[in-house]
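Notes follow the structure.
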Amino acid sequence: MKSSNPILSRWDAGRREPAHVSLSDTGREIGSATLTMNDVVVRTATTLGVVVAAAVLSWLLLPVDEANLSRSYGIAVVAALVAFVLAMVQAFRSNPVPALILGYAAFEGVFLGVFSSAVSTHIAPGLVGQAVLGTFAVSGGTLVAYRLGWIRVNQRFAGFVGAAAMGFLLLLVADSLFSAFGSGNGLGFHSGVLGIVFGLIGIVLGAAFLALDFKQVEEAIAEGAPRKAAWLAAFGLTTTLVWIYLEVLQVLTIFKSED
């Protein structure tokens, strides 16, 4: 089954490549380059580690205060654009390029560090920690629900999530256009009850994508995908977790702003 995550859906081409197997002189198999769960865990931990390290460094080195406000925001915008470009380049490649994936993670981390620092400085210091815990809760809860079979990941589920995500993204684009050329508040997705509802929908969609990612990883391992697919898994899971974190942080920010 294809995932609605465009990054993990690139595995289909990779699955058609036979895994390399080394044979001894007697014909016995002595090594296999097929994907394992340990490969996925290690690559995902590495990619997320780069995101976290870059975020912490940018938080410390690019403080969002009155003296450095424009510089920090400028670097964050550039980092976000570079991360987006690297993500798109990798997303449309059938084979993973670790340098692209880790580069994406580094620039995404810079953006997240500055953005989180701005929220901590101008909204409330504790929100970032709460958003991290919320991300762990959503991802952990999704994993448990998936393993217990409470979430049935099939073609109908994937189609529904894909359609919902398309509608969600179109609303985001419309909101951005209204913010730029019309009302400064856009369609109202960043404040009030509507903003909270929209953010919660974003979190639910993120959890749904995570379930699709889990299914894709499980199927790839069962079908004997090549070991290099672990980098694609790490890339897909990282982008989904970043999405969930940003949506959780947005909801918490709106709640705090409404106090």
inquiry  = With a sphere of 6.0 Å drawn around CE of Met166, does it hold more than 12 non-hydrogen atoms of other residues, nucleotides or ligands?
reply    = no
Under 3.5 Å: donor-acceptor pair, side chain of Ser58, backbone of Ala54 = yes
note = Between Ala158 and Leu212 the two heavy atoms that sit nearest each other are CB-CD2, 3.8 Å
request  = Quick one: pull up CG in Asp213 and CG in Leu232 and give me the separation to the nearest 0.5 Å.
outcome  = 11.5 Å
key: Nearest-0.5 Å distance, CD1 of residue Ile221 to OG1 of residue Thr34   = 9.5 Å
query = Any side-chain heavy atom of Val110 sitting closer than 4.5 Å to one from Val78?
reply = no
ask   = Can you name the side-chain contact (heavy atoms from CB on, under 4.5 Å) partners of Ala165, sequence neighbours left out?
value = Phe209
message = side chain to side chain contact (heavy atoms under 4.5 Å, CB included), that's the test. Do Phe214 and Leu237 meet it? Break it down for me.
response = CA-CA 9 Å; Phe214 293 153; Leu237 290 167; 4.2 Å; yes
key: Beyond-backbone contact of Leu81 with Phe84, side-chain heavy atoms, under 4.5 angstrom   = no
ask   = Looking at Val217 and Met37, what are the two nearest heavy atoms and their distance?
value = CG1-CE, 4.0 Å
request  = Examine Val85 and Val82 and state if one hydrophobic cluster contains both, with Ile, Leu, Val, Met, Phe, Trp and Tyr joined whenever side-chain heavy atoms are less than 4.5 Å apart.
outcome  = yes
query = Would a hydrophobic clustering, with Ile, Leu, Val, Met, Phe, Trp and Tyr connected at side-chain separations under 4.5 Å, put Val197 with Leu249?
reply = yes
inquiry  = Hydrophobic clusters here meaning ILVMFWY residues chained together by side-chain heavy-atom distances under 4.5 Å, can you tell me if Ile244 and Phe168 are in one?
reply    = yes
query = Which atom pair, heavy atoms only, marks the closest approach of Arg43 to Ala230?
reply = CG-CB, 3.5 Å
remark   = The complete set of salt bridge (charged side-chain N to carboxylate O under 4.0 Å, His left out) pairs with one or both residues in residues 126-154, sequence neighbours excluded, reads Arg147-Glu218
query = Leu35 versus Glu223: any side-chain heavy-atom pair under 4.5 Å?
reply = no
remark   = Phe235 and Ala91 have their tightest heavy-atom pair at CE2-N, 4.2 Å
message = Using modelled atom types and a 3.5 Å cut-off, is there a donor and acceptor pairing between side-chain atoms of Glu108 and backbone atoms of Ala79?
response = no
ask   = Taking C-beta and beyond as the side chain, do Leu100 and Arg93 meet within less than 4.5 Å on heavy atoms?
value = yes
message = Using the side-chain contact (heavy atoms from CB on, under 4.5 Å) definition, which of the options Leu246, Leu252, Ile254 pairs with Gln250?
response = Ile254
key: Closest heavy-atom pair and its distance - Ile123, Leu127   = CG2-CD1, 3.3 Å
ask   = Is it true that atom CZ of Phe115 has more than 12 heavy atoms of other residues, nucleotides or ligands lying nearer than 6.0 Å?
value = no
request  = Evaluate whether atom CZ of Phe111 has more than 12 neighbouring non-hydrogen atoms of other residues, nucleotides or ligands under 6.0 angstrom away.
outcome  = yes
inquiry  = Is it the case that the side chain of Ser117 and the backbone of Gly113 share a donor-acceptor pair, with hydrogens and angles ignored and the cut-off at 3.5 Å?
reply    = no
inquiry  = Does either side chain, that of Tyr245 or that of Ser116, offer a donor lying less than 3.5 Å from an acceptor on the other one?
reply    = yes
message = Check whether Thr239 reaches the backbone of Gly236 with its side chain - one donor and one acceptor, N or O, closer than 3.5 Å.
response = yes
remark   = Separation between OG1 (Thr121) and CH2 (Trp59), nearest 0.5 Å, reads 7.0 Å
ask   = Do the side chain of Ser139 and the main chain of Phe136 share a donor and acceptor less than 3.5 angstrom apart?
value = yes
Nearest atoms (heavy-atom pairs only) where Ala211 meets Thr142 = N-CG2, 3.9 Å
ask   = Given Tyr104 and Val50, is the side chain to side chain contact (heavy atoms under 4.5 Å, CB included) satisfied, shown in steps?
value = CA-CA 9 Å; Tyr104 156 78; Val50 172; over 6 Å; no
inquiry  = I'd like to know if Leu169 and Trp243 are part of one continuous hydrophobic network [Ile/Leu/Val/Met/Phe/Trp/Tyr, side-chain heavy atoms within less than 4.5 Å].
reply    = yes
key: Residue pair Asp39, Thr36: steps toward the side chain to side chain contact (heavy atoms under 4.5 Å, CB included) verdict   = CA-CA 5 Å; Asp39 295 326; Thr36 66; 2.9 Å; yes
key: Verify same cluster id: Val41, Tyr146 (apolar side-chain graph, 4.5 Å)   = yes
